[in-house]
Q: 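This structure is in structure tokens; I'll ask about it shortly.
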Amino acid sequence: MSNERSGLSRRSFLKGAGITALGAAAAGALVGCGNGYAVDAAAAPANARVGEAGTPSWLGLAPEVPEADIVETLDVEVLVVGCRTGGLPAIISAAENGARVLGIDRVSKVANPREDIGAIDSALQKASFAEYSQFEIDKMEAVEDIVRYANGFINYDLVKLWANESGPMLDWITGIVERDGRMVMNFEGSIGTTGQGARDKAWATGHSPAKTALSKDDKSFSFGVSLMEYAQEKGAEFRWNTELVKCEQDGSGRVTGVIARDVNDRHYLRINASKGVILSTGGYGNNLEMMEARQPWNQALRIAAPGKGGNPTGDGIKAALWAGGQMDPLGAACTFNRACCKPDQTAGNGTVGEWFWFGEQPFMKVNLNGNRFCNESGPYDYMLHSAYMQPHHTYCDIWDANYAEQVRQMNEVGCCRLYPFDNGAPSNRTIESMASEFEKLIEAGYIQQADTMEELAEKLNIPVENTVKSWQRYNHLAEQGRDEDYNKEAYRLMKLDTPPFYGVRTGAWFLATLDGVMIDTDMHPVREDGTPVEGLYLTGDCSGGFFSVSYPNLFTGLACGRTMTFGRRAGMLAATGQA
């Protein structure tokens with residue numbers, strides 16, 4: 001048996017993903033797409049990279065696997081590829097609906113799903129709103145806001161589907177994780193910016209599971225383990241260290257199963273799925289060639305923080321495209337302005353830095369010329385998109401000794417919040433934990449500390465005169481309570497006048513790509529003519545149609561909530577065939 005025939009391993013992807021000029025990559029991304037994202041090589045720009053049969057080089061052709069190399073065959077009713085945020089709900093849902101289910105994943109054990117789950121009208125949300133006399137969420141207003149973030153480049157009906165089905169999904173997940181007393185679900189109850197004059201509305205949609213006293217000392221137990229154990233209780237099975245190669249189809253184009261490969265001994269296996277295959281394999285954040293082609297702007301902002309991200313390499317996306325699906329028109333990603341680099345470094349170009357959780361806090365930010373350049377308050381990637389227009393796509397965060405009280409007044413929402421929510425739910429990180437984080441980054445040469453702004457600018461390697469001028473102007477605007485330069489909210493505009501002063505160079509920490517293969521409301525990928533690829537279902541970051549241009553992070557947990565909601569729906573549809 002040859003281990004080289006498929007050519008689809010993650011290692012070969014990264015090895016073959018050469019760095020090219022951003023201009024050429026961007027041109028390659030704009031070549032017309034058709035069935036399976038095929039392109040007309042003759043019509044492609046001269047500098048666009050294409051592979052065999054006119055396909056983009058990042059896609060290529062589906063690998064040929066000789067029958068003689070397939071040494072194992074499994075028969076199930078529903079196969080789920082990818083057993084994490086979308087896959088676990090899909091497996092459970094299919095099993096609850098009576099199907100014989102197998103989940104496979106290339107990792108060696110269950111991984112923890114994302115733990116900020118966005119939903120509207122969950123029982124926890126309704127109870128919190130009633131108790132604290134807060135406004136209920138208008139679903140149509142929420143849908144319109146998500147469409148606006150995407151500039152309309154999404155499937156409106158998918159957003160409506162999330163708005164209508166996310167609450168029941170959350171109640172369902174809550175019942176599962178709370179079934180044995182080892183976990184509890186918390187609603188992150190804070191309207192946040194409502195009534196405070198914020199430019200961008202925040203939506204209280206986040207929910208997060210947490211361990212109880214029964215499990216807090218059990219390091220082997222987690223949200224993922226809880227869901228996996230429940231799936232097994234319902235009869236589902238799992239096979240780890242097994243990676244997707246491609247989907248298989250019958251003469252009508254219906255997906256009938258997959259060819260997979262054992263990660264350890266590299267043997268191929270065929271898995272037949274009589275009722276359907278569900279792909280929840282994630283995006284392509286670790287496929288450098290796809291990143292360059294699909295969204296060079298995010299690649300240019302990126303600071304690689306060691307051990308963070310875990311983004312996949314587009315295996316499921318490519319399999320769905322080979323099966324006949326089509327790709328979203330534009331690249332999109334969830335990026336956090338929470339990665340930092342040293343004073344002699346800039347973002348992009350393979351820069352390796354460190355995780356900087358504090359970066360989202362809307363303190364004064366200046367470019368590498370020492371000039372303030374935008375409203376620092378808003379969705380995570382708005383700050384980063386503004387930075388893309390600045391020298392070297394990098395900027396500096398600046399704050400002072402009063403940061404703890406100022407963060408309280410800034411009243412951030414979502415996963416960057418550092419104080420408990422209005423209803424008492426805990427934040428992901430605490431303000432008290434920041435001091436030790438700062439010390440580590442100061443010692444490592446990232447955060448700079450100084451007694452004067454002049455000294456801080458020197459340590460950050462940015463122009464002293466411009467930086468001091470920007471700081472003085474910022475303090476003047478804060479004193480008068482009105483940002484005449486960039487219209488920052490008054491309650492987030494506070495003087496920085498108490499040493500020591502802190503500063504760090506900041507760029508993007510890359511969480512996940514968000515563009516994928518277009519799907520309909522039955523979770524099927526759709527061909528160019530709008531017809532579904534039967535037998536195949538997608539959820540999570542390998543699926544498209546929900547995000548574009550920017551991630552609406554002020555809907556706390558939206559990406560995770562979308563993925564779990566659609567995973568649950570895909571499992572039900574695959575098992576029953578009924579919408």
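We number each residue from 1, following the sequence as shown. No experiment lies behind these values; they were computed from the predicted model shown.
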Q: Are side-chain heavy atoms of I117 and F223 found at a separation under 4.5 Å?
A: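 A side-chain contact exists here, since the closest heavy-atom pair is under 4.5 Å.
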Q: With a 4.0 Å cut-off on N to O distance, would you call R114 and D541 a salt bridge?
A: no
Q: Between S543 (side chain) and G540 (backbone), is there a donor-acceptor pair under 3.5 Å?
A: yes
Q: Looking at every non-hydrogen atom in both residues, tell me the closest pair between N475 and K495 and how far apart they are.
A: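 That would be OD1-CA, 3.4 Å.
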Q: Which atom names give the shortest non-hydrogen contact between A300 and Y388, and what distance separates them?
A: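 Scanning both residues, the minimum pair turns out to be CB-CE1, 3.8 Å.
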Q: Looking only at heavy atoms, which two atoms of G331 and W297 are closest? And how far apart?
A: O-CZ2, 3.4 Å
Q: Would you confirm whether R505, through its side chain, and L368, through its main-chain N or O, come within 3.5 Å as a donor-acceptor pair?
A: no
Q: Please work out whether the ring planes of W162 and F546 are parallel, tilted or perpendicular, with thresholds of 30° and 60°.
A: perpendicular
Q: With rounding to the nearest 0.5 angstrom, report the CE to OG distance, M410 to S377.
A: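 Result: 8.5 Å between the selected atoms.
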Q: Measure across V184 and T212 and return the closest heavy-atom pair with its distance rounded to 0.1 Å.
A: N-CG2, 3.9 Å
Q: T313 versus M290: any side-chain heavy-atom pair under 4.5 Å?
A: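 SC-SC contact between T313 and M290 ruled out.
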Q: With a 4.5 Å limit on heavy-atom distance, are the side chains of C560 and D116 in contact?
A: no
Q: Examine distances only and state if a side-chain atom of T394 and a backbone atom of A347 form a donor-acceptor pair shorter than 3.5 Å.
A: yes
Q: I'd like to know whether F555 forms a side chain to side chain contact (heavy atoms under 4.5 Å, CB included) with R562, so could you lay out the CA-CA distance, the side-chain angles of the two residues, the decisive distance to 0.1 Å, and finally the verdict.
A: CA-CA 11 Å; F555 285 84; R562 178 277 308 247; over 6 Å; no
Q: State the CG-SG distance between N553 and C415, to the nearest 0.5 angstrom.
A: 7.5 Å
Q: State whether the number of non-hydrogen atoms from other residues, nucleotides or ligands found under 6.0 Å of K139 atom NZ is greater than 12.
A: yes
Q: Could you state the interatomic distance from CD (Q345) to CG (N461), rounded to the nearest 0.5 Å?
A: 11.5 Å
Q: Please check this pair: side chain of D381 against backbone of S550, looking for a donor-acceptor N/O pair closer than 3.5 Å.
A: no
Q: Does M185 reach the side chain of I173, with side-chain heavy atoms less than 4.5 Å apart?
A: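 In contact.
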Q: Taking N402's backbone N and O only, do any of them form a donor-acceptor pair with D400's side chain (distance below 3.5 Å, no angle check)?
A: yes
Q: Are the side chain of S166 and the backbone of I120 linked by a donor-acceptor contact shorter than 3.5 Å?
A: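 Indeed, once roles are kept as given, a pair shorter than 3.5 Å links the two residues.
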Q: Taking atom CD of E443 as the centre, does the number of heavy atoms from other residues, nucleotides or ligands within less than 6.0 Å exceed 12?
A: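 It does not: E443 CD has 12 such atoms or fewer within range.
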Q: Taking the six-membered ring for Trp, are W399 and F356 closer than 6.0 Å centroid to centroid?
A: yes
Q: Between M291 and F510, is a side chain to side chain contact (heavy atoms under 4.5 Å, CB included) present by the stated rule, with each step listed?
A: CA-CA 11 Å; M291 279 296 300; F510 196 90; 3.6 Å; yes
Q: Applying side-chain hydrogen bond (donor to acceptor under 3.5 Å, both in side chains), run through N423 and S128 and close with a yes or a no.
A: CA-CA 7 Å; N423 67 350; S128 180; 3.3 Å; yes
Q: Could you walk me through whether N428 and W357 pass side-chain hydrogen bond (donor to acceptor under 3.5 Å, both in side chains), step by step?
A: CA-CA 10 Å; N428 288 11; W357 188 269; over 6 Å; no
Q: Is it true that E354 and K440 make a salt bridge, defined as a side-chain N closer than 4.0 Å to a carboxylate O?
A: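 Here E354 does not pair with K440 in a salt bridge, since their nearest N and O are not under 4.0 Å apart.
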Q: Mind checking what makes side chain to side chain donor-acceptor pair (under 3.5 Å) contact with N164, not counting sequence neighbours?
A: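 N164: no side chain to side chain donor-acceptor pair (under 3.5 Å) contacts found.
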Q: Starting from the C-alpha separation in whole Å, work towards a yes-or-no answer on side chain to side chain contact (heavy atoms under 4.5 Å, CB included) for R569 and L161.
A: CA-CA 10 Å; R569 182 173 176 81; L161 187 66; 3.6 Å; yes
Q: May I ask you to establish whether R338 and Y380 are in a cation-pi arrangement, using a distance under 6.0 Å from NZ or CZ to the six-membered ring centre and at most 45° from the ring axis?
A: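 The answer is yes; both the distance and angle limits are met.
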Q: For residues Y502 and F363, establish whether the separation of their ring centroids is below 6.0 Å.
A: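 When the ring centroids of Y502 and F363 are compared, they turn out to be at least 6.0 Å apart.
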Q: What are the two closest heavy atoms between P463 and A457, and how far apart are they?
A: O-CB, 4.3 Å
Q: Hey, is OH on Y486 packed in by over 12 heavy atoms from elsewhere, all under 6.0 Å?
A: yes
Q: Under 4.0 Å between a Lys/Arg side-chain N and an Asp/Glu carboxylate O for E144 and R148?
A: no
Q: Taking NZ, NE, NH1 and NH2 as the nitrogens, is one of them in R429 or E437 under 4.0 Å from a carboxylate oxygen of the other?
A: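 Yes.
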Q: Nearest 0.5 angstrom please: R492 CZ to Q406 CD, how far?
A: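 The CD atom of Q406 is 13.0 Å from CZ of R492, to the nearest 0.5 Å.
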Q: Just do the side-chain hydrogen bond (donor to acceptor under 3.5 Å, both in side chains) check on S122 and H207 with the steps written out, would you?
A: CA-CA 9 Å; S122 71; H207 304 71; 2.8 Å; yes
Q: Please check: side-chain N/O of R302 versus main-chain N/O of G350, any donor-acceptor pairing under 3.5 Å?
A: no
Q: Could you check whether F421 and F187 have their ring centres less than 6.0 Å apart?
A: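 So the answer is no for these two rings.
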Q: Identify the residue among N371, I462, L460 that makes a side chain to side chain contact (heavy atoms under 4.5 Å, CB included) with V366.
A: I462
Q: Roughly how far, to the nearest 0.5 Å, is the CD atom of Q448 from the CG atom of L441?
A: 10.5 Å
Q: Would you say the ring centroid of W471 lies under 6.0 angstrom from that of F501?
A: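 Between W471 and F501, the centre distance is under 6.0 Å.
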Q: Identify the two heavy atoms, one from A119 and one from G167, that lie closest to each other, and give their separation to 0.1 Å.
A: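 Minimum heavy-atom contact is CB-N, 4.1 Å.
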Q: Sequence neighbours left out, what passes side chain to side chain donor-acceptor pair (under 3.5 Å) with N155? Give chain and number order.
A: none
Q: Using modelled atom types and a 3.5 Å cut-off, is there a donor and acceptor pairing between side-chain atoms of E489 and backbone atoms of D200?
A: no
Q: Given F358, which of T506, V504, D397, L418 fulfils the side chain to side chain contact (heavy atoms under 4.5 Å, CB included) condition?
A: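 The single option meeting the side chain to side chain contact (heavy atoms under 4.5 Å, CB included) with F358 is L418.
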Q: Do the charged groups of D485 and R473 touch, with an N to O distance under 4.0 Å?
A: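 Looking at R473 together with D485, the answer is yes, because their closest N to O distance falls below 4.0 Å.
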Q: Do the non-hydrogen side-chain atoms of P552 and D145 ever get within less than 4.5 Å of each other?
A: no
Q: Please confirm whether the backbone N or O of I303 pairs with a side-chain atom of T351, one donor and one acceptor, at under 3.5 Å?
A: no
Q: To the nearest 0.5 angstrom, please state how far the OG atom of S548 sits from the CD1 atom of I146.
A: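 If we round to the nearest 0.5 Å, S548:OG and I146:CD1 are 13.5 Å apart.
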Q: Do L288 and Q299 have side chains that get closer than 4.5 Å, going by heavy atoms?
A: yes
Q: Are there over 12 heavy-atom neighbours, none belonging to K211, within less than 6.0 Å of that residue's NZ?
A: yes
Q: Would you say Q295's side chain and A332's backbone share a donor-acceptor pair under 3.5 angstrom?
A: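 Yes, because the side chain of Q295 sits within donor-acceptor range (under 3.5 Å) of the backbone of A332.
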Q: Taking the side chain as everything from C-beta on, heavy atoms only, tell me whether V407 gets closer than 4.5 Å to E412.
A: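 Answer no - side chains too far apart.
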Q: Report yes if the side chains of E479 and D497 come closer than 4.5 Å at any heavy-atom pair, otherwise no.
A: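 E479 vs D497: side chains apart.
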Q: Less than 4.0 Å between a side-chain N and a carboxylate O, is that true for R294 and D328?
A: no
